[in-house]
Q: 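Next up is a structure, given as structure tokens.
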Amino acid sequence: MKAAVFHSPGVITCDTVEDPTIQDENDIILKVTSTAICGSDLHMYSGGIPQPRPMVMGHEFMGEIVEKGKNITHLHQGDRVVVPFPIACGCCYFCENDLPGGCENSNPENYGPEGGIMTEKGGGMFGYTDLYGGYNGGQAQYVRVPYANFGPRKVPDILSDEQALFLTDIFPTGYTGVMWGDLKGGESVAIFGAGPVGSMSVKSAILHNAGKVIVIDTLQYRLDHIKKLTGCETILWEDAESTVEKIREMTHGRGADLCIDAVGFEPERSFLDRAKAVVNFEKGSMKVLEACMSGVRRGGTISVLGVYAVNYDNFRLGQIFDKGIILRAGQAPVHAIIDKLLKYVESGQVRLDDIITHRLSLNDVAKGYQIFDKKEDGCVKVILDPWS
């Protein structure tokens with residue numbers, strides 16, 4: 001089959017690899033009909049998260065079941081399904097408590113309670129390094145899906161692939177960031193990052209009846225795109241100080257009720273920012289999270305959706321304490337909320353496919369990663385067709 005294979009930082013190519021096979025009676029084999037490049041994929045692409053061997057990329061995918069293990073009873077060949085990006089067994093402590101990202105069984109080689117940088121990680125994920133189970137991903141013509149009695153959801157016939165695809169990751173992730181804010185209606189929400197996850201956070205804030213939604217980004221075209229889709233207010237990031245001041249001006253001087261970090265540890269950085277990281281033996285930067293800490297009101301909430309892969313010195317614990325900030329972070333509990341989100345999409349309460357800017361063949365995956373990473377050609381979201 002054809003698949004997008006990671007070889008080294010900056011090198012992802014469309015290769016011919018062996019087809020996946022059933023390895024367990026709880027597996028299914030999916031013929032992938034639509035897949036996407038995610039911002040998290042760029043952490044491997046950039047080398048920010050290491051991967052020593054070739055791996056099939058991708059954790060946003062959906063398709064048609066072509067083979068199933070003997071234990072799969074509620075799904076059948078020909079069913080069209082969308083698959084959550086965390087790999088979760090459905091029967092351990094964390095799965096039973098709506099925390100599938102902490103699954104105790106899907107990452108047997110590297111799982112543990114510590115959550116270290118290179119050891120004792122959480123549950124498995126598709127196409128996201130050996131640290132998270134070493135599973136091949138879905139930027140391919142076929143993919144093996146383990147624990148298929150728990151993860152995949154049937155897609156109604158009335159929905160196209162593009163309408164349903166983002167139920168895999170970015171819509172549940174954006175929704176989680178707003179859900180953690182426990183909005184009652186009328187609150188102010190500041191979202192750092194106008195990429196795919198930031199865009200889904202905007203849509204989710206609107207679903208929660210936020211009173212004011214402010215989006216911050218370093219690129220005007222991305223701000224223009226999300227403002228056109230949702231009517232949100234925008235701030236073009238020039239520096240942290242001026243950005244925080246504008247947020248306060250727009251929120252009665254207090255700061256936002258909820259700040260969402262949809263960027264993570266690899267924001268746009270100056271030479272001095274990069275030099276500081278080298279001196280401190282750090283990867284990337286927590287400048288966006290620091291801006292959230294300043295931009296949120298006292299007693300407000302920060303949701304961290306962007307990935308942070310290492311620890312940082314000078315963490316602003318004193319500021320968190322003084323302001324009484326609630327900080328939530330981690331992977332979205334997709335399995336726990338996907339059914340509710342599917343109903344939003346099916347009923348037309350939210351549209352997901354309007355953020356797509358590029359549709360490419362899987363053969364052109366190298367180009368797709370380049371324009372997504374470099375933010376070229378007005379790129380916001382890239383969809384890949386494995387069969388064109």
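On a predicted model such as this, the values are computed, not experimentally measured, just so you know.
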Q: If you define the side chain from C-beta out and look only at heavy atoms, does anything of Ile29 sit under 4.5 Å from Thr21?
A: no
Q: Quick one: which residue pairs count as a side chain to side chain donor-acceptor pair (under 3.5 Å) with a foot in residues 221-232, not counting sequence neighbours?
A: Asp217-Arg222, Gln220-Asp224
Q: Going by atom types only, do Tyr308 and Asp261 share a side-chain donor-acceptor pair under 3.5 Å?
A: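 Looking only at side-chain atoms, Asp261 and Tyr308 do form a donor-acceptor pair, the distance falling under 3.5 Å.
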Q: When you measure from the side chain of Asp41 to the backbone of Cys38, do you find a donor-acceptor pair of N or O atoms at a distance under 3.5 Å?
A: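 Checking the backbone N and O of Cys38 against the side chain of Asp41, a donor-acceptor pair under 3.5 Å is found.
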Q: Taking the side chain as every heavy atom from C-beta outward, state whether His335 and Cys95 have any atom pair closer than 4.5 Å.
A: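 In short, these two side chains do not touch, never coming nearer than 4.5 Å.
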Q: Could you report the tightest heavy-atom contact between Ile247 and Ala256, atom names first, then the distance?
A: CG2-N, 4.1 Å
Q: If we check side chain to side chain donor-acceptor pair (under 3.5 Å) with Ser294, which of these qualifies: Arg248, Arg316, Glu241?
A: Arg316
Q: Of all the heavy-atom pairs spanning Gly90 and Glu96, show the shortest one and how long it is.
A: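 Taking Gly90 first and Glu96 second, the nearest heavy atoms are O-CG, 4.2 Å.
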Q: How about Pro50 and Met118: do any of their side-chain heavy atoms sit closer than 4.5 Å?
A: yes
Q: Would you indicate whether the side-chain heavy atoms of Tyr312 and Asn314 approach each other to under 4.5 Å?
A: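 When only atoms from C-beta onward are counted, Tyr312 and Asn314 do not touch, as no gap falls below 4.5 Å.
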Q: So Arg297 and Thr251, do their side chains get closer than 4.5 Å, heavy atoms only?
A: no
Q: Is there a side-chain contact between Tyr142 and Val56, using heavy atoms and a 4.5 Å cut-off?
A: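 The answer is no; the side chains never approach within 4.5 Å.
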Q: Contact between Leu183 and Asn209 at the side-chain level, heavy atoms closer than 4.5 Å - yes or no?
A: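 Of all side-chain heavy-atom pairs linking Asn209 with Leu183, none is under 4.5 Å.
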Q: State the NE2-CD1 distance between His59 and Ile170, to the nearest 0.5 angstrom.
A: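 Reported value, rounded in 0.5 Å steps: 9.0 Å.
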Q: Classify the side-chain pair Tyr369/Gln139 by whether it contains a donor and acceptor separated by less than 3.5 Å.
A: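 There is such a pair between these side chains.
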Q: Quick one: pull up NZ in Lys154 and CG in Leu159 and give me the separation to the nearest 0.5 Å.
A: 15.0 Å
Q: Taking the side chain from Lys287 and the backbone from Ala240, do they hold a donor-acceptor pair closer than 3.5 Å?
A: no
Q: Distance-only, no hydrogens or angles: does the Lys381 side chain make a donor-acceptor pair with backbone N or O of Ile37 under 3.5 Å?
A: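 Confirmed, Lys381 side chain pairs with Ile37 backbone.
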Q: Quick check for you: to the nearest 0.5 Å, what is the distance between Asn26 atom CG and Ile22 atom CD1?
A: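 Nearest 0.5 Å value for the CG-CD1 distance: 10.0 Å.
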Q: Between Thr35 (side chain) and Glu60 (backbone), is there a donor-acceptor pair under 3.5 Å?
A: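 Yes, because the side chain of Thr35 sits within donor-acceptor range (under 3.5 Å) of the backbone of Glu60.
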Q: What are the two closest heavy atoms between Pro86 and Ala332, and how far apart are they?
A: CG-O, 4.1 Å
Q: Does Ser8 use its side chain to pair, donor to acceptor, with the backbone of Val11 at less than 3.5 Å?
A: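 No: the side chain of Ser8 does not pair with the backbone of Val11.
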Q: Will you find, in the side chains of Ser347 and Gln349, an N or O donor that is under 3.5 Å from an N or O acceptor?
A: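 Yes - a donor-acceptor pair under 3.5 Å links their side chains.
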Q: How many angstroms lie between atom OH of Tyr93 and atom CG of Asn105, to the nearest 0.5 angstrom?
A: 15.0 Å
Q: Are the side chain of Trp387 and the backbone N or O of Val32 linked by a donor-acceptor pair below 3.5 Å?
A: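 Yes, because the side chain of Trp387 sits within donor-acceptor range (under 3.5 Å) of the backbone of Val32.
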Q: Just by distance, do the side chain of Lys68 and the backbone of Ala148 share a donor-acceptor pair under 3.5 Å?
A: no
Q: Identify all side-chain donor-acceptor contacts of residues 120-131 below 3.5 Å with residues at least two apart in sequence or on another chain.
A:
unit_1 : atom_1 : unit_2 : atom_2 : d
Glu120 : OE1    : Glu114 : N      : 3.0
Lys121 : NZ     : Gly116 : O      : 2.8
Lys121 : NZ     : Ile117 : O      : 3.3
Thr129 : OG1    : Leu131 : N      : 3.2
Asp130 : OD1    : Gln51  : NE2    : 3.4
Asp130 : OD1    : Arg53  : NE     : 3.0
Asp130 : OD1    : Arg53  : NH2    : 2.9
Asp130 : OD2    : Gln51  : NE2    : 3.4
Asp130 : OD2    : Arg53  : NE     : 3.2

Q: Take Leu236 and Thr234, measure what side chain to side chain contact (heavy atoms under 4.5 Å, CB included) needs, and give me the verdict at the end.
A: CA-CA 7 Å; Leu236 181 65; Thr234 63; over 6 Å; no
Q: Does Ser201 form a side chain to side chain contact (heavy atoms under 4.5 Å, CB included) with Leu305? I'd like the steps, not just the answer.
A: CA-CA 10 Å; Ser201 298; Leu305 304 179; 3.7 Å; yes
Q: Is there a donor-acceptor pair closer than 3.5 Å between any side-chain N or O of Arg153 and the backbone N or O of Gly151?
A: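 Looks like yes, one N/O pair under 3.5 Å.
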Q: How many angstroms lie between atom CE of Met179 and atom NZ of Lys340, to the nearest 0.5 angstrom?
A: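 Here the interatomic distance stands at 8.0 Å.
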Q: Measuring from Thr33:OG1 to Leu30:CG, what's the distance to the nearest 0.5 Å?
A: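 Output value for this atom pair is 7.0 Å.
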Q: Could you tell me whether a side-chain N or O of Tyr135 sits under 3.5 Å from a main-chain N or O of Ser106, the two making a donor and an acceptor?
A: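 Confirmed, Tyr135 side chain pairs with Ser106 backbone.
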Q: Output yes when a side-chain donor or acceptor of Thr243 lies under 3.5 Å from a complementary backbone atom of Trp237, and no otherwise.
A: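 Here the side-chain-to-backbone pair does not exist.
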Q: Please evaluate residues Asp354 and Lys203 with respect to the criterion salt bridge (charged side-chain N to carboxylate O under 4.0 Å, His left out), reporting the C-alpha separation (whole Å), side-chain torsions for both, the decisive distance (0.1 Å), and the verdict.
A: CA-CA 11 Å; Asp354 55 1; Lys203 292 171 181 283; 3.0 Å; yes
Q: Could you pull out the closest heavy-atom pair between Asn363 and Ser388, with the gap in Å?
A: ND2-O, 3.4 Å
Q: Without placing hydrogens or testing angles, list every side-chain donor-acceptor pair under 3.5 Å for residues 185-198, not counting sequence neighbours.
A:
unit_1 : atom_1 : unit_2 : atom_2 : d
Glu187 : OE1    : Lys184 : N      : 3.4
Glu187 : OE1    : Gly185 : N      : 2.8
Glu187 : OE2    : Lys184 : N      : 2.7
Ser188 : OG     : Asp257 : N      : 3.1
Ser188 : OG     : Asp257 : OD2    : 3.1

Q: Side-chain contact test, heavy atoms from C-beta onward, threshold under 4.5 Å: evaluate it for Thr176 versus Ser303 and give yes or no.
A: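 Thr176 vs Ser303: side chains apart.
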Q: Ser242 and Asp239: side-chain donor and acceptor closer than 3.5 Å?
A: yes
Q: For Asp182, is there an ion pair with Arg328 - N to carboxylate O distance below 4.0 angstrom?
A: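 Here Arg328 does not pair with Asp182 in a salt bridge, since their nearest N and O are not under 4.0 Å apart.
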